[in-house]
Peer 1: 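Got a structure for you, questions after.
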Amino acid sequence: MAVAVQLEEKSYKDALHYDVSGVNIHDSSYFHTCPATSSKQVVSSLKTNLFISDKEQKWLAAERWVSFAVAQTGASQRDNPSSITANSLPPRLLGAGNNSQNQQAMENAQVTLTVRGETAPGEVVAVVGSCEALGSWCHQKALTLQPVCDEGTTWTTSITVPRGVVSTYRYFKGFFLESKDAGGLRQVIVNKWETHQQPRTMSPTASHLNIDDGLFGIHNGMNSVDSGWLTCQTEIRLRLHHSKKPPVSITKKKYKKSRFRIKLTLEGIEEEEEDEELIPSSWHKMSTTLGMSMISSNDFKSRHSQPECGYALEPSQWTEYSIHTMDPDNLELTFEFFEEDLSEHIIQGDAHPGHVGTACLLSSFFLENGKDIGEVTLPIMGRNSRQTIGKVRVDFLVIRPIQGFQCNMSSSYTKYWKKRSTLDVGHRGAGSTLAAKHHKIRENTIASFKRAAKHGAAFVEFDVHLSKDSVPIVFHDLTCCISTKKKNDKTSLQFIEVPVKDLTFDQLQLLKLAHPTAITENDHKDLLDDEDEIDEHQPFPTLTQIFQAVPEHVGFNIELKWIFQLKDGSWDGNLSSYFNTNTFVDIILTCVLQNAGKRRIVFSCFDPDICTMVRHKQNKYPILFLTQGISEKYPEFMDIRCQTTQIAMSFAQSENIMGISGHAEELLRNLNYIREAQSKGLVVFSWGDDNNDHENRRTLREQGIDGLIYDRICEDLGEQPNIFKVEEQHSLQEVITEEAMKSATCSCYSIPCSMAPCINSKARAGSAESDSGLSSS
């Protein structure tokens, strides 16, 4: 007999997530057949024929399938795996076995979906899912639901799907706008969407099926809804704050001692008639929306409306206005100034008491200026005269949709964290080059990341920025040192500091940056053993190379390297200008989204604006706000949001990001910050030299910190699989029944004990100090 196996795309994805019930065996011309002389031979053939590129994942998928098949057969066949055939397997594993069954499987079913949820004016409820009828997870191809006439909160639709096929789906709320281009896809703005790790499922077996999914956002008793990302709209941020000095400066003597309240108003600039005629009547623009937030050390406040006379500015507060628009270059943004003390200047019957002046900014300024981030100073014009009464300094940030990549809605981990014990994160791989005992493995290299992976690191942390020709590279500093020497002088070296952004990728590859100890000792043996080792030890690997070289079960904590200004006015690396912000973030995000696969990803950055952009440009991976807080080791940042750990928490809450990565120096002084942040729903990592001390790590673990980034991970952890690898093997073992496990020498079929610890092994007990963290299962 022969076992005929076909593992289709969805089926092998299910298998990789331990859902072997999705694997089908078919009888058609596409069969891959193998003699069923033994279960091991079945595995061998499956390994060869499964449509999976990764060898390790192919091996595991085949093993899961056969293990599950063996567990489902009779006792005699468990004792004699060679007798397992397609005829002996349960029907639900076999799928369609003849032409009549194939015909039945291809029949369609009519499915009616119903869900309840409130919507804003113009907003609709839509459904998107894994099958073609549901848009294949593309928001632009999603199916809109219709409101039930008698109820404004009940939405329903009917779809035709293949009978007997499992489809997964989610609901979302948003705006649907017809395309400006004839025959083009609709523009869809996602406001809120369901983000359960296991989406809703349908598998109709009859010709008609009615599914009442209850309330929007609630599935399997769990409420999981997240905000959308920028799909076609642009977000403009305007900020008033006291980071450098007060944002408002008054020159008019009359108002020198006055306190002001400020309100932002929006108006669209009228388009020329001929432009309007070019726009199809079916094109409907999204209304421009305005919100605001106020962030302080104590808390944050978000508002969708402003009082008639606006809000007062506070020295310790960050005030920010957020505008979502389809016309980012066609707005008039007006700041209205109101005097708080009205005792002298109130006018009887005034419709706007205390109104003293305005400052206007045209949004076309951002395009004309060529910058998406910066500051602008506006004159404040008196209410009843053409004279200026002062000026206001406004910071701006323009966030545009990611270019060249479209996010899908199949999964999201932006706010998902699987809480376990503390996660071990290898700093720059196996550790900073400057840390003791690490001089033979250069930081931020493939060799360093592989070494950390070999010693059980759950994640490796590294910095990514761009070369001059926009290649994402891995390197810590904003600058690098190039050595030169005098003619006929073999000992005298001179170093020239060059910004990494000013060198192309090819130029960076030509640099040979030996560690200082190798230079002084004239010892380059560690870099010259063989060609493979040379490649893996070379600095400036590309982000793509790191994805390809490091095992997929090792997560990446990717720090986006960006310039920042210190309190004294100086800039990190003496760089006051850098790449275009949107371009920088788009290139790195696209590289990650295209190459990550099933790898766990956590972004981080010291710049709060970069954190905001990462959160709003994509819908899949989380970000941590890096903060040093109050430090005796490092100089203070200029930005208010970076100055204390407490205001960093408020910022993270305000931007709805996953958490913070705090400086160990301040966390050890204020251990209560860890629980305080977690009580606010934030994940907390820790970074810094203090984490290299074992006792400090123990203290932070006891406080329940979620992740520890440190250098000496290879000293602290022996060679071992990381927690994700261990959990993956344990999940495989749970698929096999207890009786099937007894028939094998190890707790799973033909998996070497060296690769997967037995269920009762010490390795499992020892994993209690690690954290599964972000889960892709």
Side-chain angles (χ1 to χ4, degrees), residues 56-57 60 417-432 435-438 440-441 443-462 536 546-547 549-558 598-602 661 664 683 685-687 691-698 700-702 704-733 746-748 751-777:
E56 182 179 12
Q57 296 294 349
L60 288 172
W417 186 259
K418 187 177 180 180
K419 179 65 178 177
R420 297 281 178 87
S421 53
T422 303
L423 202 72
D424 291 298
V425 183
H427 183 224
R428 308 183 197 176
S432 168
K437 300 183 181 180
H438 289 287
K440 289 193 175 183
I441 298 183
E443 65 184 44
N444 285 326
T445 60
I446 292 174
S448 184
F449 298 133
K450 283 187 171 181
R451 181 172 173 82
K454 194 174 182 180
H455 284 77
F459 276 73
V460 288
E461 182 272 347
F462 53 86
E536 293 195 348
I546 299 300
F547 272 113
V550 180
E552 195 177 46
H553 63 269
V554 179
F556 285 175
N557 177 191
I558 302 174
K598 297 181 181 299
R599 192 186 304 274
R600 296 160 176 86
I601 303 291
V602 176
S661 186
V683 170
F685 274 35
S686 172
W687 64 275
N691 282 346
N692 291 330
D693 181 81
H694 178 77
E695 286 303 311
N696 288 340
R697 292 199 301 274
R698 184 184 59 80
L700 294 171
R701 289 182 196 275
E702 289 174 351
I705 200 160
D706 295 294
L708 282 171
I709 304 171
Y710 60 100
D711 289 311
R712 296 168 181 168
I713 197 164
C714 296
E715 297 175 30
D716 194 57
L717 303 176
E719 291 190 13
Q720 58 181 285
N722 78 354
I723 182 62
F724 301 135
K725 191 71 174 176
V726 172
E727 285 189 347
E728 182 179 323
Q729 300 296 347
H730 290 162
S731 297
L732 170 59
Q733 291 167 349
C746 187
S747 57
C748 54
I751 298 181
C753 290
S754 60
M755 292 182 60
C758 296
I759 250 176
N760 296 321
S761 69
K762 294 181 180 179
R764 179 165 187 174
S767 69
E769 259 219 339
S770 296
D771 187 349
S772 68
L774 187 70
S775 175
S776 60
S777 61

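Position 1 is the first residue of the sequence; numbering continues from there.
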Peer 1: Restricting to side-chain contact (heavy atoms from CB on, under 4.5 Å), what partner residues turn up for Ser686, sequence neighbours left out?
Peer 2: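 Once residues adjacent in sequence are excluded, the partners of Ser686 under the side-chain contact (heavy atoms from CB on, under 4.5 Å) criterion are Ala664, Leu667, Asn691, Leu700, Ile705, Leu708.
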Peer 1: How close do Ile713 and Ala452 get, counting heavy atoms only, and between which atoms?
Peer 2: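 For Ile713 and Ala452, the tightest heavy-atom pair comes out as CG2-CB, 4.3 Å.
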Peer 1: Please assess Ile558 against Ile601 for the test side chain to side chain contact (heavy atoms under 4.5 Å, CB included), listing each intermediate value before the final yes or no.
Peer 2: CA-CA 7 Å; Ile558 302 174; Ile601 303 291; 4.2 Å; yes
Peer 1: If every non-hydrogen atom of Gly555 is compared with every non-hydrogen atom of Arg599, which pair is closest and at what distance?
Peer 2: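 The pair with the smallest heavy-atom distance is CA-CG, 4.2 Å.
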Peer 1: In the structure I gave you, are the side-chain heavy atoms of Glu461 and Arg428 within less than 4.5 Å of one another anywhere?
Peer 2: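 Side-chain contact under 4.5 Å: yes.
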Peer 1: Quick one: ring-ring contact (aromatic ring centres under 6.0 Å, His included) partners of Phe556, sequence neighbours excluded?
Peer 2: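 For Phe556 the ring-ring contact (aromatic ring centres under 6.0 Å, His included) partners, ignoring immediate neighbours, are Phe462, Phe547.
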Peer 1: Checking Glu728 side chain against Val726 main chain: does a donor-acceptor pair fall under 3.5 Å?
Peer 2: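 No, Glu728 side chain to Val726 backbone: no donor-acceptor pair under 3.5 Å.
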Peer 1: Once rounded to the nearest 0.5 Å, what's the spacing between atom CZ of Arg697 and atom CD of Glu702?
Peer 2: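 Reported value, rounded in 0.5 Å steps: 13.0 Å.
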Peer 1: Nearest 0.5 Å, please: how far is NE2 in His427 from OH in Tyr710?
Peer 2: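 So the gap between those two atoms works out to 13.0 Å.
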Peer 1: Specify the closest pair of heavy atoms between Glu552 and Lys598, including all atoms of both residues, with the distance to one decimal.
Peer 2: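 Here Glu552 and Lys598 meet closest at OE2-N, 3.0 Å.
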Peer 1: Using modelled atom types only, decide if a donor and an acceptor are shared between the side chain of Ser448 and the backbone of Ala430 within a distance under 3.5 Å.
Peer 2: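 Yes, Ser448 side chain to Ala430 backbone: donor-acceptor pair under 3.5 Å.
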Peer 1: List for me each residue that meets side-chain hydrogen bond (donor to acceptor under 3.5 Å, both in side chains) alongside Ser661, sequence neighbours excluded, and say none if there are none.
Peer 2: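 So Ser661 forms no side-chain hydrogen bond (donor to acceptor under 3.5 Å, both in side chains) with any residue.
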Peer 1: Suppose we screen for side-chain contact (heavy atoms from CB on, under 4.5 Å). Which residues come up paired with Lys450, at least two apart in sequence or across chains?
Peer 2: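 By the side-chain contact (heavy atoms from CB on, under 4.5 Å) rule, Lys450 matches Ile446, Glu536, Ala549.
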Peer 1: Any Lys/Arg nitrogen of Arg420 or Glu727 sitting under 4.0 Å from an Asp/Glu carboxylate oxygen of the other?
Peer 2: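 Answer for the salt bridge query: yes.
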Peer 1: Just jot down the side-chain hydrogen bond (donor to acceptor under 3.5 Å, both in side chains) partners of Asn557, sequence neighbours excluded, or say none.
Peer 2: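 Here the qualifying residues are Ser604.
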Peer 1: Show the nearest heavy-atom pair for residues His455 and Cys714, with the distance to one decimal.
Peer 2: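 Smallest heavy-atom distance, with atoms named: CD2-O, 3.5 Å.
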Peer 1: What pairs with Glu719 under side-chain hydrogen bond (donor to acceptor under 3.5 Å, both in side chains), at least two apart in sequence or on another chain?
Peer 2: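 Glu719: no side-chain hydrogen bond (donor to acceptor under 3.5 Å, both in side chains) contacts found.
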Peer 1: Are Val554 and Phe449 side-chain neighbours, meaning at least one heavy-atom pair lies under 4.5 Å?
Peer 2: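 No; the side chains remain at least 4.5 Å from each other.
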Peer 1: Measure the CZ-CG distance between Arg712 and Asp693 for me, rounded to the nearest 0.5 Å.
Peer 2: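 Here the rounded value is 8.5 Å.
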Peer 1: Taking NZ, NE, NH1 and NH2 as the nitrogens, is one of them in Asp424 or Arg701 under 4.0 Å from a carboxylate oxygen of the other?
Peer 2: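 Arg701 and Asp424: salt-bridged.
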Peer 1: Stepwise, does the side chain to side chain contact (heavy atoms under 4.5 Å, CB included) test hold for Phe685 with Val425?
Peer 2: CA-CA 9 Å; Phe685 274 35; Val425 183; 3.9 Å; yes
Peer 1: Looking at every heavy atom in both Phe724 and His553, which two are closest together, and how far apart are they?
Peer 2: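 Phe724 and His553 have their closest heavy atoms at CD1-O, 3.3 Å.
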